[in-house]
Amino acid sequence: MKPRITVITLGVDDLERSLEFYRDGLGLPTQGIVGKEFEHGAVAFFDLQAGLKLAIWNRKDIAYEAKILQTASSPTEFTIGHNVGSKEEVDEVMEQAKKAGAVITDPAHDAFWGGYSGHFQDPDGHLWEVVWNPQ
């Protein structure tokens with residue numbers, strides 16, 4: 001398999017709330033919610049970088065699409081790493097996330113491996129790491 005990941009989809013409980021968090025709070029570009037005319041189709045896409053998008057989609061609709069039972073979520077299933085260019089930028093992004101309504105689980109600090117990082121959870125509990133790596 002050749003790695004061709006183009007979309008990372010997060011399951012959310014409240015599509016409008018998550019849209020506001022990512023669009024208004026974090027400033028990610030989006031055209032808003034699309035696909036409302038389709039049953040189980042409402043989704044929002046955010047441009048991250050060339051060839052990569054973030055999507056938010058209702059958990060119940062993901063379960064329906066994938067033909068699985070919806071189960072309890074866990075914030076430790078995965079993290080999304082957001083790499084920045086400086087320690088100051090880590091602090092800025094963490095503050096922006098906090099103002100947007102994120103829960104800061106691990107305030108920015110010097111990491112044992114020589115970098116600087118912190119963690120926050122979005123309104124649905126998804127865990128983000130904001131990190132500066134001097135290497």
Side-chain angles (χ1 to χ4, degrees):
M1 179 174 118
K2 292 183 180 181
R4 293 194 176 137
I5 298 169
T6 58
V7 179
I8 297 170
T9 303
L10 300 178
V12 301
D13 293 320
D14 183 331
L15 197 56
E16 291 286 343
R17 178 188 69 188
S18 292
L19 174 66
E20 289 177 16
F21 176 81
Y22 284 105
R23 179 192 61 206
D24 304 334
L26 296 186
L28 299 182
T30 182
Q31 293 183 14
I33 298 172
V34 297
K36 290 181 181 180
E37 68 273 24
F38 304 108
E39 184 179 11
H40 306 290
V43 63
F45 295 96
F46 303 88
D47 295 321
L48 298 180
Q49 59 198 46
L52 183 61
K53 293 188 181 291
L54 174 70
I56 54 173
W57 197 12
N58 279 313
R59 293 179 201 273
K60 64 180 176 50
D61 296 330
I62 292 173
Y64 177 84
E65 173 81 8
K67 297 174 181 44
I68 61 172
L69 294 176
Q70 184 177 340
T71 60
S73 60
S74 170
T76 59
E77 296 296 328
F78 68 94
T79 65
I80 299 172
H82 178 63
N83 290 283
V84 297
S86 68
K87 287 183 176 185
E88 295 77 22
E89 195 173 353
V90 171
D91 292 335
E92 290 168 9
V93 172
M94 293 292 288
E95 183 61 27
Q96 182 179 12
K98 182 178 178 182
K99 286 180 180 175
V103 173
I104 306 302
T105 63
D106 176 34
H109 62 282
D110 291 315
F112 70 90
W113 47 268
Y116 187 75
S117 70
H119 291 83
F120 70 84
Q121 287 181 289
D122 74 4
D124 289 279
H126 299 111
L127 193 58
W128 286 73
E129 179 184 23
V130 183
V131 61
W132 169 73
N133 185 339
Q135 304 303 319

(Q) Within this structure, what is the CG-CD distance for the pair Asp61 and Gln70, rounded to the nearest 0.5 Å? (A) 9.0 Å
Q) Any side-chain heavy atom of Lys99 within less than 4.5 Å of one from Gln96? A) no
Q.
Please check if the number of heavy atoms outside Glu37 that lie under 6.0 Å from its CD is greater than 12.
A. yes
**Q.** Evaluation steps, side chain to side chain contact (heavy atoms under 4.5 Å, CB included), between Asp122 and Leu10
**A.** CA-CA 10 Å; Asp122 74 4; Leu10 300 178; 4.1 Å; yes
Q.
Donor-acceptor pair, distance only, cut-off 3.5 Å: does the side chain of His126 make one with the backbone of Val12?
A. no
Q | Between CD on residue Glu20 and CG on residue Asp14, distance to nearest 0.5 Å | A | 8.0 Å
Q. If every non-hydrogen atom of Pro134 is compared with every non-hydrogen atom of Gly115, which pair is closest and at what distance?
A. CD-CA, 3.6 Å
**Q.** Nearest-0.5 Å distance that lies between atom CG in Asn83 and atom CH2 in Trp132
**A.** 12.0 Å
Q. For the atom pair CD (Glu88) and OH (Tyr116), what is the distance rounded to the nearest 0.5 Å?
A. 8.0 Å
Q. Counting heavy atoms not belonging to Ile68, are there more than 12 under 6.0 Å from its CD1?
A. yes
Q: Side-chain contact test, heavy atoms from C-beta onward, threshold under 4.5 Å: evaluate it for Leu127 versus Thr76 and give yes or no.
A: no
(Q) With a 4.5 Å cut-off on side-chain heavy-atom distances among I, L, V, M, F, W and Y, is there a chain of contacts connecting Leu19 to Leu15? (A) yes
(Q) Please check if the number of heavy atoms outside Glu65 that lie under 6.0 Å from its CD is greater than 12. (A) no
**Q.** Closest contact, heavy atoms only, Ile5 versus Leu52
**A.** O-CD1, 4.1 Å
Q) When clusters are formed by joining ILVMFWY residues with side-chain heavy atoms under 4.5 Å apart, either directly or through shared neighbours, do Ile80 and Trp57 land in the same one? A) no
Q. For the side chain of His119 and the backbone of Pro107, is there at least one donor-acceptor N/O pair under 3.5 Å apart?
A. no
Q | Heavy-atom closest contact (Met94 atom, Phe120 atom, distance) | A | SD-CD2, 4.0 Å
Q.
For residues Leu48 and Val34: do they belong to one hydrophobic cluster (side chain heavy atoms under 4.5 Å, members Ile, Leu, Val, Met, Phe, Trp, Tyr)?
A. no
**Q.** Between Asp124 and Ser73, a side-chain donor and acceptor under 3.5 Å
**A.** no
Q: Would you indicate whether Phe78, at its atom CZ, is surrounded by more than 12 heavy atoms from other residues, nucleotides or ligands within a distance under 6.0 Å?
A: yes
Q) Do the side chains of Gln31 and Phe45 get nearer than 4.5 Å, heavy atoms only? A) no
Q. Among Val131, Val130, Val90, Leu26, which residue meets the side-chain contact (heavy atoms from CB on, under 4.5 Å) test with His82?
A. Val130
Q) With a 4.5 Å limit on heavy-atom distance, are the side chains of Thr30 and Tyr22 in contact? A) no
Q: Can you measure from CG (Leu54) to OG1 (Thr9) and round to the nearest 0.5 angstrom?
A: 7.5 Å
Q: Report whether Leu28 and Ile56 are members of the same hydrophobic cluster (ILVMFWY, side-chain heavy atoms less than 4.5 Å apart, transitive linking).
A: yes
Q. Are Val93 and Val103 in one and the same hydrophobic cluster, where Ile, Leu, Val, Met, Phe, Trp and Tyr link if side-chain heavy atoms are under 4.5 Å apart?
A. no
Q.
Testing the basics here: between Ile62 and Gly11, what is the closest heavy-atom pair and its distance to 0.1 Å?
A. CD1-CA, 3.6 Å
Q: Kindly compute the distance separating NZ (Lys60) from NE2 (His40), expressed to the nearest 0.5 Å.
A: 6.5 Å
Q: Compare every heavy atom of Gly125 with every heavy atom of Pro75, then report the nearest pair and how far apart it is.
A: CB-O, 3.1 Å
